[in-house]
Asker: 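Sharing a structure here in structure tokens format.
Chain identifiers are assigned alphabetically (A, B, ...) following the order of the sequence lines, protein sequences preceding nucleic acid strands; residue numbering begins at 1 within each chain. Just so you know, these numbers use all the heavy atoms, side chains as well, and skip hydrogens, waters and symmetry mates.
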Amino acid sequence: MAARSIWNGTLRIGRRALPVKLYSAVEDRTIHFHLLHAKDRQRLEQRMVDPTTGRPVAPDETLRGVETKAGAFVLLEKDELPEPREEDHEIEVTRFVPRTVVEPAWYDRPYYLGPRDGGTDCTALAAALERSGRVGIARWTMRKKEYVGGLLPGSGFLVLSTLHHAGQVVSAAELPRPAGRDSAKNERAMAEQLVAALEGEFDPAEFHDEYRERLERLLEAKARGRRFAFAREKKEKRPDDLARALAASLARVKRGREKISA
Amino acid sequence: MGARPLWSGTISFGLVSVPVNLFPALRRERRPLRMMTREGVPLERRFACPREEREVAADEIVRGYETAKGRYVVVTDEELDKLAPRRSRDIDLRRFVDRKKLDPAYFERPYFLAPAPGSTKAYRLLAEAMERTNRAGIATFVMRGKEYLVAILADDGILRAETLRFADEVRTPRMVGLATKGKPAPREVAAFAREIAKLAKPSLSKAELEDPAVRAIEDLVAKKRKKGIKVVRASKEAELPEPIDLVEILRKRMAGAGHRRRA
């Protein structure tokens with residue numbers, strides 16, 4: 001069963017308007033727990049309490065405080081807080097920049113954009129984006145929050161990925177390179193050899209969230225009233241990459257020795 | 001003052017050992033808005049049982065997973081501990097891959113890996129080799145009871161770790177009901193190419209990425225501070241975490257590490 005879209009909007013690029021649906025490209029698989037009262041397994045309610053009196057405070061009696069560097073709070077009334085821009089369901093693209101301008105670390109959550117009217121505009125735009133090597137910079141308001149995002153092609157479809165806000169991501173350019181004397185040529189060659197020895201492809205499907213899988217098995221056993229064996233975690237068998245690399249370097253050493261003794 | 005790293009470990013592969021300290025690469029979105037009483041006391045979160053109509057203490061609380069409405073499977077901290085991966089300080093580097101082939105859709109959270117004091121040589125060699133060969137490392141490590149899959153990237157001589165989503169957490173277009181209906185018409189593609197060209201710019205300014213709500217709050221706070229309006233000193237009971245300048249800390253770590261001299 002296909003996942004449902006979570007939001008509808010209109011993607012605006014210059015004078016073009018594409019009616020779109022937004023789909024999350026990420027599936028939350030976290031196992032969520034509720035806090036229960038041990039005695040009667042009642043689900044607990046959360047409340048905000050004044051620690052000096054121990055009494056709960058009603059939401060309309062609260063203020064918001066922003067901490068200042070001086071160790072104080074500036075208090076704000078709820079109606080002083082800025083209102084987000086009206087949710088007009090418009091995704092406005094203001095510019096297209098070369099892909100390399102947007103650093104991978106700036107990306108936050110990806111979404112797919114699909115056609116609301118069943119047309120081919122989305123895939124045509126994705127193809128044009130792919131060819132241009134550019135990413136669109138877009139703004140929209142969704143669920144009372146303002147977002148900024150990158151519009152890019154993904155496997156022939158349109159992907160809109162939210163971006164972290166300005167100044168949130170510390171970039172390597174802001175930091176000094178670790179100091180030290182320059183490395184020697186043979187040291188650099190050796191480092192590159194080591195990198196090459198572990199060369200391979202990355203298939204995400206190869207890796208599993210094993211902790212989550214163990215937890216799921218535990219929950220299933222408990223739900224069925226079965227016992228669960230907490231296995232002593234075995235040290236995983238190392239994949240052959242390392243063994244191969246070591247064997248290769250031993251073979252090289254052997255060949256070297258043979259040459260000398262000849 | 002230097003904030004301590006989130007975690008410390010050693011990038012390990014073969015006989016290679018590079019000790020590092022992990023720091024987050026994301027600053028807080030904005031200064032958090034704490035709920036306060038009208039007198040300026042920060043509120044605290046408590047939990048209450050609706051049936052007994054009272055707050056419950058920590059030792060009266062258990063964790064439950066809802067299997068059906070109102071039905072729970074209880075899991076204790078002890079059991080969660082037994083399931084947790086074995087504690088280790090190794091960042092197990094499994095392989096090096098072509099950096100360009102990594103899909104940012106898999107990236108979750110960014111961290112910086114600063115060299116541990118006194119060990120910049122191996123760090124620099126590794127970072128430089130990765131940069132020269134355009135390779136990223138794929139590694140696993142355990143932090144705070146959780147196992148993470150990360151990509152290790154080198155830029156400007158500095159190593160970064162990006163946690164990766166697992167394959168079953170990323171949806172393919174088909175899983176959301178999107179399907180290709182053959183190649184798009186060249187005329188349509190060309191029309192969009194023209195729109196892209198009209199809005200093409202070489203770069204991006206920080207202002208483009210700003211959150212207007214953050215700016216509005218900062219302005220409001222500055223105005224009130226100046227006028228001394230509604231500013232309260234935190235009472236001694238309230239625990240105020242020291243504001244952290246992440247970049248300053250990282251700068252000190254990157255620069256300071258190389259200046260240590262053995263006695």
Side-chain angles (χ1 to χ4, degrees), chain A residues 2-3 13-14 23 25 27 33-34 36-38 42 44-45 48-51 62-66 72-75 82 95-97 104-105 107 110 114 123-125 127-128 132 157 165-166 168 170 172 175-180 191-192 195 198 200 202 204-205 207 209 214 222-223 230 233, chain B residues 25 27 31 33-37 43-44 46-49 51 62-64 67 73 82-83 86 95-97 104-105 110 115 120 125 129 149 155-158 166-167 171 173 176-178 184 188-189 192-193 195-196 199-201 204 206 209-211 213 216 221 224 230 233 250 254-255 258:
Chain A
I13 299 174
Y23 304 83
E27 186 133 351
F33 289 105
H34 295 289
L36 310 175
H37 189 185
Q42 276 292 299
L44 298 177
E45 282 169 1
M48 298 305 284
V49 151
D50 179 344
T62 62
L63 298 177
R64 296 287 176 273
V66 179
F73 286 99
V74 171
L75 303 176
R95 61 174 69 187
F96 290 92
V97 296
Y107 289 109
T123 42
L125 174 56
S132 71
F157 295 96
H165 286 290
Q168 236 194 309
V170 179
L175 306 172
R177 293 176 85 101
E192 280 182 39
V195 169
L198 279 184
F202 175 51
F207 296 92
D209 187 345
R214 286 197 294 274
K222 282 185 168 240
F230 289 92
E233 196 195 318
Chain B
R27 292 182 183 92
R31 285 188 283 181
L33 294 172
R34 291 193 63 176
M35 288 178 71
M36 327 258 304
T37 65
L43 300 183
E44 285 172 18
R46 299 282 155 79
F47 293 98
C49 176
R51 188 179 284 172
V62 287
R63 247 185 280 263
T67 49
V73 164
K82 284 195 202 163
L83 287 179
R86 208 151 49 121
R95 68 186 70 134
F96 287 100
V97 301
T120 44
L125 272 173
L149 176 65
D155 280 299
D156 297 325
I158 291 172
F166 288 96
R171 291 181 180 152
V176 300
L178 291 174
E188 288 182 42
V189 177
F192 279 118
E195 295 299 327
I196 292 172
L199 289 172
K201 298 273 186 333
L204 196 51
K206 283 239 164 126
L209 298 177
E210 246 188 14
D211 182 355
V221 169
K224 287 198 155 190
K230 282 220 177 95
R233 297 261 144 226
L250 286 166
M254 295 295 174

Asker: Give, for atom CG of B:L43 and atom CG of A:L63, the distance between the pair rounded to the nearest 0.5 Å.
Answerer: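 Between atom CG of B:L43 and atom CG of A:L63 there are 9.5 Å.
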
Asker: I need the residue from B:L178, B:I158, B:V176 with the largest number of non-hydrogen atom pairs under 4.5 Å to chain A.
Answerer: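 The option with the most such pairs is B:V176.
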
Asker: If you tally heavy-atom pairs under 4.5 Å against chain B, which of A:D50, A:T123, A:D209, A:V97 wins?
Answerer: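 Option with the greatest count: A:D209.
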
Asker: Which answer fits A:T62, side chain, backbone, both or neither, if we ask what part of it has an atom under 4.5 Å from a heavy atom of chain B?
Answerer: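 Contact with chain B involves both backbone and side-chain atoms of A:T62.
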
Asker: Would you mind telling me which of B:E188, B:E195, B:K201, B:K224 has the largest number of heavy-atom pairs within less than 4.5 Å of chain A?
Answerer: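 The answer is B:K201.
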
Asker: Heavy-atom distances under 4.5 Å only: say whether A:F157 touches chain B with side chain, backbone, both or neither.
Answerer: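 Only the side chain of A:F157 comes within 4.5 Å of chain B.
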
Asker: At a 4.5 Å cut-off on heavy atoms, which part of B:L125 comes close to chain A: side chain, backbone, both, or neither?
Answerer: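 Both backbone and side chain of B:L125 come within 4.5 Å of chain A.
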
Asker: Which atom pair, heavy atoms only, marks the closest approach of B:G157 to A:P178?
Answerer: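 Heavy atoms only, the tightest pair is O-CD, 3.6 Å.
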
Asker: Could you walk me through whether B:E210 and A:H165 pass side chain to side chain contact (heavy atoms under 4.5 Å, CB included), step by step?
Answerer: CA-CA 5 Å; B:E210 246 188 14; A:H165 286 290; 5.9 Å; no

Asker: State, to 0.1 Å, how close B:C49 and A:H37 come at their nearest heavy-atom pair, and which atoms those are.
Answerer: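 The answer is SG-ND1, 3.3 Å.
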
Asker: Heavy-atom cut-off 4.5 Å, strictly under: side chain, backbone, both or neither for B:T37 against chain A?
Answerer: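 For B:T37, the contact with chain A is made by backbone and side chain together.
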
Asker: What part of A:Q42 lies closer than 4.5 angstrom to a heavy atom of chain B: side chain, backbone, both or neither?
Answerer: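 The answer is the side chain of A:Q42.
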
Asker: Could you tell me which portion of A:Y23 (side chain, backbone, both or neither) has an atom closer than 4.5 angstrom to a non-hydrogen atom of chain B?
Answerer: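 For A:Y23, the contact with chain B is made by the side chain alone.
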
Asker: So which heavy atom on A:R214 is nearest to which on B:L83, and how close?
Answerer: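 Taking every non-hydrogen atom into account, NH2-O, 2.7 Å.
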
Asker: Output the distance between atom CZ (A:F96) and atom CD1 (A:I13), rounded to the nearest 0.5 Å.
Answerer: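 If we round to the nearest 0.5 Å, A:F96:CZ and A:I13:CD1 are 4.0 Å apart.
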
Asker: Hey, could you give me the CZ/CD distance between B:R51 and A:E45, rounded to the nearest 0.5 Å?
Answerer: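 B:R51 CZ to A:E45 CD: 12.5 Å, rounded to 0.5 Å.
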
